[in-house]
Structure formats: structure tokens, C-alpha cells
Number of protein chains: 2
Amino acid sequence: MHVNPHSQSGSPRLLAILQQLRARGCRLTPQRVAILQAMLTNAEHPTAEQIHTRVKAQFPMTSLATVYNTLDLLKEMGALLEIELGHGSSRFDGVNPHPHPHLICTRCHTILDTDIPHLQTVTDVVSQTTGFMVTGYRFDIFGICPTCQTIG
Amino acid sequence: MHVNPHSQSGSPRLLAILQQLRARGCRLTPQRVAILQAMLTNAEHPTAEQIHTRVKAQFPMTSLATVYNTLDLLKEMGALLEIELGHGSSRFDGVNPHPHPHLICTRCHTILDTDIPHLQTVTDVVSQTTGFMVTGYRFDIFGICPTCQTIG
DNA sequence: TTTACTGCAAACGATTTGCAGTCCC
DNA sequence: GGGACTGCAAATCGTTTGCAGTAAA
């Protein structure tokens, strides 16, 4: 299999991450690039399985293990966020890799991004008052989404 | 095995939860009461395994499955909080079962309770602006605790 | 006596890992 | 050509479950 990433146009973000991968000495295998593209263009906070399904449409041989390996790599690079739920699969956010609050519907399991102003300030204050060196956070708000409320 | 919960003094909270269990038609087995007591007197956010170890000191036959079953029951009753971490075991908070932010040290895995004023107000605002019916939240702040910082 | 609960062991399911072969660079 | 990466299958591990026996009420 052979793919030349330069032959296809891509978003600045995609190109930047490909660049980062190259700088790391990582190979740009077709599977890897396809997984990355799938992550950057899916705002639904997909599971590894869902990414696998989507990538298999393009490269049928792709294994789930490779998806997991690649997601780990991208996570370590800071290119995506993993939302680890206790039960069921992790969900991934490749659209906004910076910590931000999520609204999680406990009925349909939809995850929505949301914005809470000054959250950075809040964690800064915690850092100062407790002596904790804050490196990140996760703020999940659970409830029932508007759609599920109307369904009943 | 036979234990009479009334023969021992207990905190008001312990007695209230025992009462709640009885009201539900649940049996007050020695294992169950011991697990509950262990949870109410351990502020270290223990794992199921750690609770199992502690309870086995008192009732050596106690199985880990019973610990899990009992923790599930207590969680469903709202008597404790489960902190589900993606990797490793869940941690449980039986001291403060109401949602509150946690400071999690990514080096020594200590979990500290903390207080952020007006967090309830924040989730209320999110509820109003998004139409989400908020039922709970989880706010984990990751970093390096003061002790681990001094160790280097 | 009734039946909820227990211990045990096997099952489960998401993720990781070992390995032999592949193919990007 | 070398070694990072792949697919596959087996291993891992926290947690759940089935079941026959036990004991709380």
C-alpha cells in the first residue's frame, strides 16, 4: 500500500499533525493517516470501534489493534482527547483536543461539547490554594439531553 | 454468622444507611455491614480490592464479588460515589457521597477532595443555557500533588 | 421457612500485547 | 535494507454473573 499525503489537500490541522508525526520519526502508513483523518472529521466523540468501522470502509484490512495503537499515539502527542467512561468504550475527541467540559446524556450516550467561561481561572485558583501542579482536568456533566427529554 | 447492629454504637450516618437498607428489604449481613463501615471510615478513596482486604481482616471468608455487589448497592442508594478511572480500578468515596471535585495525583494516584465554590451554580447555568436536565457531574483535576513535587 | 445473599469459579468485554510477516522511508 | 508498523490471536484484568449452598428475618 502506498499513499502520498502531499498529493491530497488537507486541513491545516491535519497537515500540522502529519508534520509532527514525521518529526517524531513515525511512519505515515495509510491506516494511520486514515484514522487521523477520521478523528479530525468526526465531532460525535466516536469509540475506537466506530473509527475502526469507518476506516475499514477505506482500508478493509485495518485491524482494531492498529486503531487502538494509533489513538494512543495521537493522544500522547496531544492531538486528541480520550474520554474514559467506566462502563463501555472510551470516546475520543479529535476535533478539540484541549480539556473542556462535556455534557453526557445518560440515556442516548450522546456527548456534547460545551463552554464554561473562566474554567481555566478556576483550576488556576485550585492550583494556588492547594499547591497541586495542575496538568489537566476533566469536567463531565451528566443528565438527559433535550431530545431524550421530549421522547420521554 | 450473626451480628446485631444495634448492639454496637455507630455514627448517625451509619445508622441512617442501615435503616435505609432495612427499609429496602435488604438483609444486614455481617459482610455488608463491615463493607459499609469500612467505606464510611476510609477517606482515602479506596478501591474495591482495598475494601476487600480490610473486610477480610474481620471476616476472612468474604469474597471480592460480594464487595462489588455491596458497593453497587450502596452506590445505587446514593450512599457512596464511584470514581471510575479509565485505567486501573475504580475508587470509591463513602465519606462524601455528593458530587464534588477531586484532585488526582497522576504520579502517586492519591485522590484529594477539594471545594470549588458555586460549582452548583455553574451546572445550573449550563442546564438553563443548553436545555440539558443535569443529574450530576464529575470534575477531576489532574496534576502532581505537593508531596510528589518535593520528591521530584 | 423463605428467599436474599454468599463464595466460588467461570464469563465478560474493552484494551493490550506477542509475534511473524509487511512495507514505509 | 532496516526496523517501525501491521494483522491476527491470545492474554490481560477489573468487574459481573451463574449457581448451589447458607443464613438473616
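Below, each value reflects all heavy atoms present in this structure, side chains not excepted, and no hydrogens, waters or symmetry copies. Just so it is clear, the model here is predicted, and its values are computed rather than measured. Naming: A, B, ... by sequence-line order, numbering from 1 per chain.
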Participant: Please report the C-alpha distance between B:Asp124 and B:Gln128 in whole Å, then the side-chain angles of each, then the deciding distance to 0.1 Å, and finally whether the side chain to side chain donor-acceptor pair (under 3.5 Å) criterion is met.
Facilitator: CA-CA 6 Å; B:Asp124 285 351; B:Gln128 284 163 26; 5.9 Å; no

Participant: Classify A:Asn69 by what it touches in the nucleic acid, base, sugar-phosphate, or nothing, heavy-atom distance under 4.0 Å.
Facilitator: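 Touches a base.
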
Participant: Considering only C:dG7, D:dT6, D:dT17, which nucleotide approaches the side chain of B:Met61 most closely?
Facilitator: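 Nucleotide nearest to B:Met61's side chain: C:dG7.
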
Participant: Over all strands shown, is A:Thr47 touching base, sugar-phosphate only, or nothing at heavy-atom distances under 4.0 angstrom?
Facilitator: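 It contacts nothing in the nucleic acid.
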
Participant: Looking at A:Ser63, does any N or O in its side chain come under 4.0 Å of the phosphate oxygens OP1/OP2 on D:dT6?
Facilitator: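 Indeed not, no polar side-chain atom of A:Ser63 lies that close.
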
Participant: Output the rounded distance in Å from CG (B:Asp72) to P (C:dT6).
Facilitator: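 After rounding, the gap between these two atoms is 12 Å.
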
Participant: Measure the distance from NE2 on B:His87 to P on C:dT15 and round it to the nearest whole Å.
Facilitator: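 Roughly 9 Å, once rounded to whole Å.
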
Participant: Looking at the side chain of B:Ala48, which of D:dA9, D:dT15, D:dC5 is the nearest nucleotide?
Facilitator: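 Looking only at heavy atoms from C-beta outward on B:Ala48, the closest nucleotide is D:dT15.
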
Participant: May I ask you to verify if any side-chain N or O of B:Ser90 is less than 4.0 angstrom from the OP1 or OP2 atom of D:dT15?
Facilitator: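 Result: yes.
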
Participant: Would you kindly give the CG-to-C1' distance between B:Leu71 and D:dG14, to the nearest whole Å?
Facilitator: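 To the nearest whole Å, that distance equals 13 Å.
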
Participant: Select one nucleotide: of D:dG7, D:dC5, D:dT17, the one nearest the side-chain heavy atoms of A:Gln31.
Facilitator: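 The closest nucleotide is D:dG7.
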
Participant: Could you tell me how far apart B:Ile83 (CD1) and D:dT15 (P) are, to the nearest whole angstrom?
Facilitator: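 Result: 13 Å.
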
Participant: Is the closest side-chain heavy-atom distance between B:Thr66 and B:Ile35 below 4.5 Å?
Facilitator: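 With C-beta onward as the side chain, the pair touches.
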
Participant: Mapping A:Glu82 and B:Arg32 to their closest nucleotides on DNA chain C, which lands nearer the 5' end?
Facilitator: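 Looking at DNA chain C, the more 5' nearest nucleotide goes with B:Arg32.
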
Participant: Would you say a side-chain N or O of A:Thr29 is under 4.0 Å from OP1 or OP2 of D:dA4?
Facilitator: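 For D:dA4, OP1/OP2 do not have a side-chain N/O of A:Thr29 under 4.0 Å.
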
Participant: With hydrogens left out and only the distance checked, is there a donor-acceptor pair under 3.5 Å joining A:Arg27's side chain and the base of D:dA4?
Facilitator: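 Under the 3.5 Å cut-off, the side chain and the base do form a donor-acceptor pair.
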
Participant: Do the side chains of A:Leu112 and B:Thr130 get nearer than 4.5 Å, heavy atoms only?
Facilitator: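 Contact flag for B:Thr130/A:Leu112 side chains = no.
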
Participant: Whole angstrom is fine here: how far is it from CZ in B:Phe92 over to C1' in D:dG14?
Facilitator: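 The answer, rounded to whole Å, is 10 Å.
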
Participant: If you find the nucleotide of DNA chain D closest to B:Cys26 and the one closest to B:Glu49, which residue's nucleotide is nearer the 5' end?
Facilitator: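 The residue mapped nearer the 5' terminus is B:Glu49.
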
Participant: For the side chain of A:Tyr68, counting heavy atoms from C-beta on, which of C:dG7, D:dG7, C:dT15 is nearest?
Facilitator: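 Ranking C:dG7, D:dG7, C:dT15 by closest atom to the A:Tyr68 side chain puts C:dT15 first.
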
Participant: Could you go through A:His100 and A:Asp113, starting from their C-alpha distance and side-chain angles, then the distance that decides it, and tell me whether this counts as side chain to side chain donor-acceptor pair (under 3.5 Å)?
Facilitator: CA-CA 7 Å; A:His100 58 281; A:Asp113 292 323; 2.7 Å; yes

Participant: Are A:Pro101 and A:Leu119 close enough that some pair of their side-chain heavy atoms sits under 4.5 Å apart?
Facilitator: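 Sidechains of A:Leu119 and A:Pro101: in contact.
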
